[in-house]
2 protein chains.
Amino acid sequence: MTADRAETRLDEDARWARAERILDAATDLLLRWGYKRVTVDEVAKRASVGKGTVYLHWKTRDALLYAAVLREWLEMFGALIDGIRRDPEELRLHRLIRASFLASMERPLIRATLTQDQELLGRLTEYGAGGALQAEQTAARREYYAMLREHGLLRTDLDPDTQAYALSATSTGFYLATPLVIAEQRPDLSAQADALAWTVRNAFEPVPPAGAAAVRALAPTIIRLFERQRAFAERELRVQHQP
Amino acid sequence: MTADRAETRLDEDARWARAERILDAATDLLLRWGYKRVTVDEVAKRASVGKGTVYLHWKTRDALLYAAVLREWLEMFGALIDGIRRDPEELRLHRLIRASFLASMERPLIRATLTQDQELLGRLTEYGAGGALQAEQTAARREYYAMLREHGLLRTDLDPDTQAYALSATSTGFYLATPLVIAEQRPDLSAQADALAWTVRNAFEPVPPAGAAAVRALAPTIIRLFERQRAFAERELRVQHQP
DNA sequence: TCGATGACCAGATTTCAAGATTGGTCACAG
DNA sequence: CTGTGACCAATCTTGAAATCTGGTCATCGA
């Protein structure tokens, strides 16, 4: 029985390692060549497996490429959670948005998703739309805002829906301004992140700011919330991984 | 001599009237069919002139279509200036941005320009880039911000360049959120405008707000600035109109 | 005399069919 | 029972022929 379980465990580990090799290859090709030019054959070759093996892991090419993107999201999520663990002050809206901005921008696949980069991601930009993950993210964001409000870390002089819309629109602007605005008059990435944080803090956080005690009190709940999201995304990745 | 001038005047009026007919036709077709499908032949036919006549007014097809867009800009400019004249309070940053947002969104050609709508405008989206008009607009915006600062209508706790960037990025978000965000969770247009105004006021205007006196004092200068811009754009339109 | 015109042309765009590529399957090898 | 790559249908690419259209200019008529 123990042997059985151990053997299965080894199989699963090996299987996951292989999946990661395939995802590595897919990610590499996606970045190098863009959505259209990535072929399953080439991915298989670079991962040193047969093409059929790729289809043992994912139902379709799109599912494979989406998994590659998903893996980067997962990685970014982990980084954000670590950040909050390291310093709970990081959970303040403007700090978290600043960190998210930087973390997204330095991960090409995520940046491409957020900027709807057709060249790099093709129809993948709409692959997850309407999916369970997206619904989960929206719900989690809503909960995050609600908690911030409860602890005096977010203004309450605007109804939550409108506020969420305004916040989303504001952030969107900074994400998209990068390709849109002319290079000359654009500050460097960390200055952009600072400008975004500054704007968000002034527009959405109360004055005077809530004290550190509120932040510390909230930290465990927020971390739990984000870990729930991370776990959800991870499950999504595993499902893709075992059709 | 008087007769001469009168005759010339009549000619110019008739010429302009014809140019407007052509622009009407071009605008109509642009909205109906989009950039690619608009043909000079069809525009000429609808304006009841020969194709050659179109080329007596504009050097190229693109110049013609750009003029159609330019005319809408001009119209919008006039509307904004009128608004400030009617109520100087309208020159406050958040009020002006609100008005600009609504005025842009209800003019399809302008909205298309701002959202970089390739389907509707094709390469026209980059036609004016680097042109004198764009430079003028940037300069005028800079002057506007400087004046707001001088009169206590804009925060001064951020350096002007970064502030201009943040403001531009923030607005961009609201302009682009329209096509990007899912329809369900998007408020109607005037609620969007309100959310934008609310965000801008909180993020970029001082608390407490400057009094009405400052606004009244500034009004004439601002109106003059915007009229200079309008005149500049009008000149650009006339130049296109007489090659 | 001179502004207006539309036939005309070169170059750009579209069409369409033949050929090449590739996502996905499955019979078979190990 | 897992992994593979030959295989197939469907999609995509190619390129040449056909069509379309921006821009010109010889001509017309006021």
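The model shown is predicted, which means the values in this text are computed figures rather than measured ones. Residue numbers start from 1 in every chain, and the chains themselves are labelled A, B, ... in the order their sequence lines are given, proteins ahead of strands.
- Read 5' to 3', the first and last nucleotides of DNA chain D with an atom closer than 4.0 Å to a heavy atom of chain B are dT21(D) to dT24(D).
- Partners of Arg61(A) according to the salt bridge (Lys or Arg N to Asp or Glu O under 4.0 Å) rule, which considers only residues two or more places apart in sequence or in another chain, do not exist here.
- Between Glu42(B) and Arg32(B), no side-chain nitrogen of the basic residue sits less than 4.0 Å from a carboxylate oxygen of the acidic one, so the salt-bridge criterion is not met.
- Residues that satisfy the salt bridge (Lys or Arg N to Asp or Glu O under 4.0 Å) test with Glu106(A), not counting sequence neighbours, are absent from this structure.
- Distances shorter than 4.0 Å separate some side-chain N or O of Thr53(B) from OP1 or OP2 on dT5(C).
- Using a 4.0 Å cut-off on heavy atoms, the residues of residues 29-51 of chain B that approach DNA chain C are Val49(B), Gly50(B), Lys51(B), listed by number.
- Using a 30° and 60° split on the angle between ring planes, Tyr66(B) and Tyr127(B) fall in the tilted class, from 30° to 60°.
- Summarising the geometry, the separation between OH on Tyr55(A) and C1' on dG24(C) is reported as 5 Å, rounded to the nearest angstrom.
- Counting heavy atoms from C-beta on, the side chains of His57(A) and Leu64(A) never come closer than 4.5 Å.
- For residues 165-174 of chain A, the set of pairs meeting the side chain to side chain donor-acceptor pair (under 3.5 Å) definition, not counting sequence neighbours, comprises Tyr165(A)-Gln192(B).
- The salt bridge (Lys or Arg N to Asp or Glu O under 4.0 Å) search around Arg111(B) returns none, not counting sequence neighbours.
- Ion pairing between Arg71(A) and Glu20(A) holds under the 4.0 Å rule for side-chain N and carboxylate O.
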